Number of protein chains: 2
Amino acid sequence: MARNRRDTDTTQKREEIVAAARNSFLADGYEASGMARIAAEAGVAPNTLYWYFEDKDALLIAVLDELVGEALAEYADAQSRPLDAQLLWLLGKFDAAPGLVTTVHARLPLSPAVHAWHERFHQAVEALVSAELALRGVPEHERAPAARIAMFVVEGLLSHHAGDPSERAAIAALLTSRIAPLR
Amino acid sequence: MARNRRDTDTTQKREEIVAAARNSFLADGYEASGMARIAAEAGVAPNTLYWYFEDKDALLIAVLDELVGEALAEYADAQSRPLDAQLLWLLGKFDAAPGLVTTVHARLPLSPAVHAWHERFHQAVEALVSAELALRGVPEHERAPAARIAMFVVEGLLSHHAGDPSERAAIAALLTSRIAPLR
DNA sequence: ACCTGAACACCGTTCAAGT
DNA sequence: ACCTGAACACCGTTCAAGT
């Protein structure tokens with residue numbers, strides 16, 4: 001609340017580190033992004049990163065939270081559109097980060113923190129999709145599997161770099177017309 | 001064809017190395033499997049692996065070829081069953097290797113060899129699924145997107161450790177009844 | 001041709017020390 | 001509390017040398 005100079009300074013430095021990590025992860029991928037280079041880009045010594053973050057996975061989670069937060073903030077605009085348009089919007093939103101889906105899955109067995117984040121993320125998204133399906137008249141017992149199928153297709157398209165727009169459109173159209181036929 | 005003692009010896013050693021890598025990859029995952037431990041399990045010095053394989057990715061590809069080959073050989077038995085049963089059979093087949101799907105995707109941008117293997121694999125599988133859909137009366141323009149959706153769902157279930165059997169069944173049933181409704 | 005011991009370059013992370 | 005230079009443990013890979 002009432003934060004003094006010291007607080008804002010460290011908050012700012014933290015954000016600079018996250019920004020550097022984000023740039024590096026999106027540009028070169030998680031694996032190819034060395035802690036040393038991230039630190040250099042943020043203007044600190046390599047080990048300083050460990051003052052602000054427990055390890056590299058914690059940095060990843062901070063970046064993911066930022067990206068998801070931004071997407072969620074923009075989602076209000078897309079929410080009124082038909083389902084397949086929403087799906088294509090989402091794909092476009094994460095086109096800049098094609099490797100992150102795979103990165104999260106790869107870290108899953110190695111990092112309990114990433115595992116927990118992933119669990120929460122899926123639950124949140126599937127709840128959201130289920131609600132959307134409910135609005136469109138999909139019967140209750142079909143909503144959960146349908147939401148998972150939609151999720152998997154989005155992840156699949158992202159981790160396979162998504163194919164050309166016309167292929168995406170065909171998949172989105174087929175999927176939504178069959179999964180939520182009442183529109 | 002006509003192979004002498006020397007040939008069978010080196011072929012055998014190669015197979016021992018692949019077997020060691022396979023065990024290690026399946027038990028601990030690709031990342032956690034060090035070349036040193038694989039070499040030790042195969043009874044050779046670490047650098048000997050590089051006489052038989054260009055690098056760790058080449059070892060991965062050898063293991064993948066083995067697994068896919070075995071699955072394909074067994075596929076004949078499953079081919080006559082309905083689509084959702086086939087899907088569940090495939091999931092069961094790769095349950096022992098939940099991390100490999102993610103591993104391949106993670107290596108995709110880092111290894112041209114894995115990238116090429118992945119490309120060939122998807123083309124082969126999607127051709128196979130398309131043919132299966134054609135047999136069941138799915139119109140031609142729907143087959144490619146439907147095959148991709150099915151592929152993504154399988155990959156998704158595998159890389160998310162697949163959920164309990166009842167959930168799998170629900171997803172398989174919903175997917176196939178909507179994607180290939182004529183049976 | 002086949003295999004090795006020893007080294008190399010690089011990585012995430014830690015430690016002891018400074019302010 | 002915040003930050004650093006130097007080191008550590010580990011990794012995939014390479015090299016020079018042996019048979």
Side-chain angles (χ1 to χ4, degrees), chain A residues 2-18 20-22 24-25 27-63 103-104 106-114, chain B residues 2-18 20-22 24-25 27-63 103-104 106-114:
Chain A
R3 48 177 37 156
N4 55 26
R5 186 47 156 346
R6 193 65 152 286
D7 275 347
T8 65
D9 273 5
T10 73
T11 299
Q12 193 178 338
K13 184 129 278 183
R14 214 191 114 99
E15 277 161 8
E16 280 171 22
I17 291 172
V18 174
R22 172 179 176 155
S24 193
F25 290 167
D28 306 327
Y30 180 79
E31 286 237 318
S33 296
M35 294 297 263
R37 267 197 44 222
I38 294 173
E41 209 180 321
V44 295
N47 43 1
T48 300
L49 300 184
Y50 292 87
W51 176 260
Y52 290 91
F53 297 92
E54 176 137 15
D55 53 22
K56 201 183 175 185
D57 290 299
L59 248 182
L60 173 63
I61 289 174
V63 171
T103 296
V104 169
R107 300 303 305 165
L108 228 44
L110 303 169
S111 161
V114 172
Chain B
R3 47 178 36 157
N4 54 28
R5 186 50 158 339
R6 190 66 153 285
D7 275 347
T8 65
D9 274 6
T10 72
T11 298
Q12 193 177 338
K13 183 130 277 181
R14 212 192 115 99
E15 276 161 10
E16 279 171 24
I17 292 173
V18 175
R22 173 180 174 154
S24 194
F25 290 166
D28 306 326
Y30 180 78
E31 286 238 318
S33 296
M35 294 296 264
R37 266 198 45 224
I38 295 172
E41 209 179 321
V44 294
N47 44 2
T48 299
L49 300 184
Y50 292 89
W51 176 259
Y52 291 91
F53 297 94
E54 175 136 15
D55 52 21
K56 201 182 175 186
D57 290 298
L59 247 182
L60 173 63
I61 289 173
V63 170
T103 295
V104 169
R107 301 302 306 164
L108 228 43
L110 302 169
S111 161
V114 172

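Please read these numbers as outputs of a predicted model, since none were measured by experiment. Below, each value reflects all heavy atoms present in this structure, side chains not excepted, and no hydrogens, waters or symmetry copies. Chain identifiers are assigned alphabetically (A, B, ...) following the order of the sequence lines, protein sequences preceding nucleic acid strands; residue numbering begins at 1 within each chain.
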How long is the straight-line distance from OG1 of B:Thr11 back to NZ of B:Lys13, given to the nearest 0.5 Å?
12.5 Å
Between A:Val18 and A:Phe53, does a side-chain contact (heavy atoms from CB on, under 4.5 Å) hold up when you go through it step by step?
CA-CA 10 Å; A:Val18 174; A:Phe53 297 92; 3.5 Å; yes
Check DNA chain D against residues 48-61 of chain A and give the residues with a non-hydrogen atom under 4.0 Å, in numerical order.
A:Thr48, A:Trp51, A:Tyr52
Mind calculating the distance between [atom1] ([X]) and [atom2] ([N]) to the nearest angstrom?
X: B:Glu16; N: C:dC3; atom1: CD; atom2: C1'; answer: 14 Å
X: A:Met35; N: D:dA7; atom1: CE; atom2: P; answer: 21 Å
X: A:Arg37; N: C:dT13; atom1: CZ; atom2: P; answer: 17 Å
X: A:Arg14; N: D:dC2; atom1: CZ; atom2: C1'; answer: 15 Å
X: B:Asp28; N: D:dC10; atom1: CG; atom2: C1'; answer: 16 Å

Options D:dC2, C:dT4, C:dC2, nucleotide nearest the side-chain atoms of B:Ala45:
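Selected nucleotide (nearest to the side chain): C:dT4.
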Search all heavy atoms of [X] against all heavy atoms of [Y] and return the closest pair with its distance.
X: A:Arg14; Y: A:Ala62; answer: NH2-CB, 4.4 Å
X: A:Tyr52; Y: A:Ile17; answer: CD1-CD1, 3.6 Å
X: B:Glu31; Y: A:Leu110; answer: OE1-CD1, 3.5 Å
X: B:Ala42; Y: B:Glu16; answer: O-OE1, 4.0 Å
X: B:Asp55; Y: B:Tyr50; answer: CA-CE2, 4.0 Å

Could you pull out all residues at least two apart from B:Ser33 that satisfy side chain to side chain contact (heavy atoms under 4.5 Å, CB included)?
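Listed in chain order: B:Ser24, B:Phe25, B:Asp28, B:Ile38.
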Please enumerate all residues that pass side chain to side chain contact (heavy atoms under 4.5 Å, CB included) together with B:Ala36, with sequence neighbours excluded.
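B:Ala36 satisfies side chain to side chain contact (heavy atoms under 4.5 Å, CB included) with no other residue.
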With a 4.5 Å limit on heavy-atom distance, are the side chains of A:Leu59 and A:Met35 in contact?
yes
Which dot-bracket notation, 5' to 3', represents the base pairing of DNA chain D when pairs are defined as Watson-Crick or G-U with both distances under 3.5 Å, crossing pairs as [ ], and inter-strand pairs as |?
||.|||||...|||||.||
For B:Arg107, check side-chain hydrogen bond (donor to acceptor under 3.5 Å, both in side chains) against everything at least two apart and list the hits.
B:Asp57
For nucleotides 15-19 of chain C, list the nitrogen or oxygen atoms of the protein found under 3.5 Å from its nitrogen or oxygen atoms, one pair per line.
none

